[in-house]
Amino acid sequence: MKILATGTEGYIGTLLGGVLLERGHEVTGLDTGFHKVGWLYNGVRQAPLHLRKDIRMLTEEDLWGYDAIVHLAELSNDPVGELNPTITYDINHIGTIELAKMAKRAGVSRFIYMSSCSVYGTGDESYSTESSELNPQTAYAHCKVLVERDLTAMADENFSPTFMRNATAYGPSPRMRFDLVVNSLAGFAWTTKEIRMESDGTPWRPLVHVLDICQAIYCAIEAPRDVVHNQVFNVGDNDENYQVKDVARIIAETFPGCRLVLGSSSNDKRNYKVNFDKISTQLPNFRCRRNVALGARQLLEIFSKIQLDKELFEFRGHTRLKQIKYLLETGQIDNDLFWSEYIATEQDKTALNPQVLTAAE
Ligand SMILES: NC(=O)c1ccc[n+]([C@@H]2O[C@H](COP(=O)([O-])OP(=O)(O)OC[C@H]3O[C@@H](n4cnc5c(N)ncnc54)[C@H](O)[C@@H]3O)[C@@H](O)[C@H]2O)c1
């Protein structure tokens with residue numbers, strides 16, 4: 001299939017490009033590059049050709065000829081969403097719907113959307129299924145709900161949206177995120193030999209390995225159209241609902257010499273368990289092949305190979321909110337999160353402008 005994958009310079013997308021190529025698809029990547037600097041290690045065998053573009057600047061012609069779009073390019077976490085909720089709605093809701101409308105006009109028949117289990121919000125003790133009531137707690141999660149609503153209304157015989165409600169991802173990716181719970185705890189375990197939590201760790205959180213998300217995406221793309229047409233899938237595994245304290249324990253046991261200190265507060269709003277029966281029974285060939293214990297061992301191996309230190313662990317490129325704030329504060333992106341005019345260095349100016357060179361001589 002000819003696929004346009006957006007967000008291919010992000011945490012999941014950096015791996016997804018290679019995975020889709022290995023499946024024999026013809027892939028083009030697209031990303032505006034907010035987190036390009038967050039490269040932790042060289043971990044991809046092949047990467048697709050790439051367009052450097054904001055999804056809000058795309059035209060219909062850009063989308064001609066594709067069979068499917070896999071759409072990952074959004075502001076990808078709750079704190080970034082709260083930094084400026086308006087811009088989150090502009091990119092994550094309006095931007096995505098405009099992209100889908102253009103895709104439909106351009107004749108792209110499949111649209112795989114990266115939604116999130118955070119649409120369920122705080123739950124009771126039961127496991128949320130795809131038909132459970134939604135209860136989004138943040139601008140980020142609310143946008144996911146709005147996109148699902150509006151894309152559903154666009155589905156017809158020529159256009160098949162599919163909604164992947166992903167659990168929280170974990171595991172190594174060359175473009176690493178340390179603002180995700182497992183990766184963050186593993187980073188602390190390695191750099192400080194201690195996991196110290198303020199919370200008591202009782203909230204439940206569904207988790208999924210980043211490569212199992214990539215697998216779910218290619219299974220959805222390769223599935224017969226009637227199986228995925230206008231369908232919602234929770235992406236994860238019933239055995240991968242964890243209490244945060246159990247995740248911390250698994251990591252503390254994996255990282256040699258790591259001490260675990262649990263706190264006593266329990267004010268984490270995100271607390272939910274999710275049922276993953278549908279994806280494992282209805283999406284052909286899909287099953288999660290990894291778990292947190294494996295992910296923790298993989299992280300330990302990578303940190304040890306690259307000698308991860310505190311500075312690298314805390315680098316802004318690995319934390320979505322820090323990087324967006326840095327780009328705003330240094331004027332590299334404007335308040336609408338568009339890149340500012342080209343910022344030339346003094347050396348560039350000299351090379352580009354012979355008069356400067358003459359003057360200097
Ligand atoms: N990582 C998770 O745990 C998780 C869980 C559920 C859903 N998701 C969803 O999966 C997708 C990818 O997540 P991720 O963790 O790889 O995020 P990420 O932040 O690492 O990657 C997102 C990429 O999108 C790009 N982007 C953002 N706005 C853009 C725009 N306007 N135009 C072009 N590119 C833009 C960024 O530069 C970035 O490279 C997101 O939609 C996210 O909401 C992720």
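The figures that follow rest on heavy atoms only: side chains count, while hydrogens, waters and symmetry mates do not. Atoms within each ligand, like the ligands themselves, are counted from 1 in listed order.
- Annotation: side chain to side chain contact (heavy atoms under 4.5 Å, CB included) contacts of Leu21 (sequence neighbours excluded): Val27, Gln46, Pro48.
- Thr28 has its side chain within reach of Tyr66: a pair of non-hydrogen atoms, C-beta onward, lies under 4.5 Å apart.
- The aromatic rings of Tyr113 and Phe111 lie parallel to each other, their planes meeting at an angle below 30°, with 60° marking the opposite boundary.
- Among residue pairs with one or both ends in residues 318-328, none qualify as salt bridge (charged side-chain N to carboxylate O under 4.0 Å, His left out); sequence neighbours excluded.
- Residues lining ligand 1 at a heavy-atom distance below 4.0 Å are given as Gly7, Glu9, Gly10, Tyr11, Ile12, Asp31, Thr32, Gly33, Phe34, His35, Lys53, Asp54, Ile55, Leu72, Ala73, Glu74, Ser76, Ile91, Met114, Ser115, Ser116, Tyr140, Lys144, Asn166, Ala167, Thr168, Ala169, Arg177, Leu180, Arg320, ordered by chain and residue number.
- Taking the ring centroids of Phe315 and Phe178, they lie at or beyond the 6.0 Å cut-off.
- For Arg290, the side chain to side chain contact (heavy atoms under 4.5 Å, CB included) criterion is met by His209, Leu211, Asp212, Gln215, Leu294, not counting sequence neighbours.
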